[in-house]
Amino acid sequence: MSVLDVRGLTRSFGAVRALAGVDLTIADGEVLAVLGPSGCGKTTLLRTIAGFMPGDAGEVILGDRPVLVEGRSKVATRHRNVGYVPQEGALFPHLDVAANITFGLDRAERRKADIGELLELLGLDPTLARRSPHELSGGQQQRVAVARALARKPSLLLLDEPFSSLDASLREATGRAVVRAVRATGAAALLVTHDQNEALSLADVVAVMSAGRVVQVGAPLEVYARPATPFVASFVGSGSVLPATITGGVAVSVIGSFPVSGQADGDVGLFVRPEQVRLDEAGEVEATVAGFDFYGHDACLHLSVGDHEVLCRVRGDRVPGEGQRVRISVDGAATVFERAT
Ligand code: ATP
């Protein structure tokens with residue numbers, strides 16, 4: 001059964017269409033990441049599901065309960081059984097960790113809430129229960145905010161870029177701990193993020209949003225390996241789009257020929273990931289190193305093939321010099337888009 005069904009949800013602010021007909025489903029116990037660039041409508045979607053604002057049209061169904069019908073809220077936030085964790089600053093500064101976690105619970109729920117267990121679930125030392133929020137690191141504060149949301153035993157946890165204020169290494173560790181805790185409680189989660197690594201590494205399902213619409217939904221590998229549009233291809237990772245022509249099931253481009261199925265003859269855009277492109281002395285395609293981005297463990301070469309740029313990932317200690325002539329080959333299948341871009 002699905003925990004959440006969003007159907008045709010729209011919402012405008014004046015002339016800005018923040019949500020332009022969003023359809024989205026989350027299954028029981030699933031962690032779904034909504035991934036998209038700034039301003040694409042992620043927070044508006046989350047806030048509408050939480051009940052903080054109405055829509056203009058569309059439905060939100062939580063479990064079997066319609067909570068928003070024809071854009072109008074039918075069930076108040078506190079009765080929706082959803083947890084909400086904002087970017088930062090969710091904790092009450094004048095209450096200690098334990099009081100933050102149990103805030104708003106009735107007496108019976110408070111008795112049942114095992115604060116130590118919740119803290120441990122989030123990878124936190126139970127002795128933190130008596131500390132004030134200002135005595136915690138940013139990552140610990142966010143974990144406590146998640147513990148507080150989970151104490152209410154929500155069927156769905158809404159996470160609004162909860163790790164974005166943390167530095168990179170802390171972000172990864174916190175994200176992993178939070179998803180582990182969510183899974184342990186059996187809740188489903190909707191994680192809003194603009195960070196592709198976060199979405200791909202933490203979620204079971206990734207929904208990519210652009211300009212108020214969900215443009216692709218799929219498992220992380222599916223979205224990465226088979227992007228539905230040039231936008232998804234370039235937003236979820238990097239790569240090169242090259243003009244190609246399909247003739248009789250083969251797409252011919254400057255980096256070689258690729259079999260394609262189910263595509264009519266004609267001009268298309270051919271997309272390959274940098275890790276598919278290999279420096280290969282036996283390769284049939286000649287290229288010139290125009291520049292590179294060095295990341296330590298690896299580097300991304302910007303190669304010129306004729307008038308086109310092709311990205312190529314290499315080990316950090318195997319970066320050829322700028323201007324060097326190299327030969328390349330391409331591994332695996334190429335993705336084809338309807339039109340060259
Ligand atoms: P970010 O990643 O930057 O938080 P987002 O994807 O969450 O962006 P939203 O915050 O949902 O995007 O905003 C979507 C669009 O709606 C933006 O153009 C934004 O300026 C606009 N918008 C959001 N809330 C309001 C509001 N209360 N009043 C007016 N415009 C708004």
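As the structure lists them, so they are numbered: ligands from 1, and atoms in each ligand from 1.
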**Step-by-step side-chain hydrogen bond (donor to acceptor under 3.5 Å, both in side chains) determination, Thr245 to Asp267** = CA-CA 4 Å; Thr245 303; Asp267 292 340; 3.2 Å; yes
Practice prompt. Show your working on side chain to side chain contact (heavy atoms under 4.5 Å, CB included) between Thr77 and Tyr84 and close with a plain yes or no.
Written response: CA-CA 10 Å; Thr77 298; Tyr84 182 81; over 6 Å; no
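Within the 4.5 Å cutoff, side-chain heavy atoms of Glu59 are placed close to those of Glu70.
Val22 is connected to Leu68 through a chain of hydrophobic side-chain contacts under 4.5 Å among Ile, Leu, Val, Met, Phe, Trp and Tyr, so both are in one cluster.
Note on Asp56 versus Arg17: no salt bridge recorded, every NZ/NE/NH1/NH2 to OD/OE distance being 4.0 Å or above.
Closer than 4.0 angstrom to ligand 1 sit non-hydrogen atoms from Phe13, Val16, Ala18, Pro37, Ser38, Gly39, Cys40, Gly41, Lys42, Thr43, Thr44, Glu161.
Thr193 and Glu198 share a donor-acceptor pair across their side chains, judged by distance under 3.5 Å alone.
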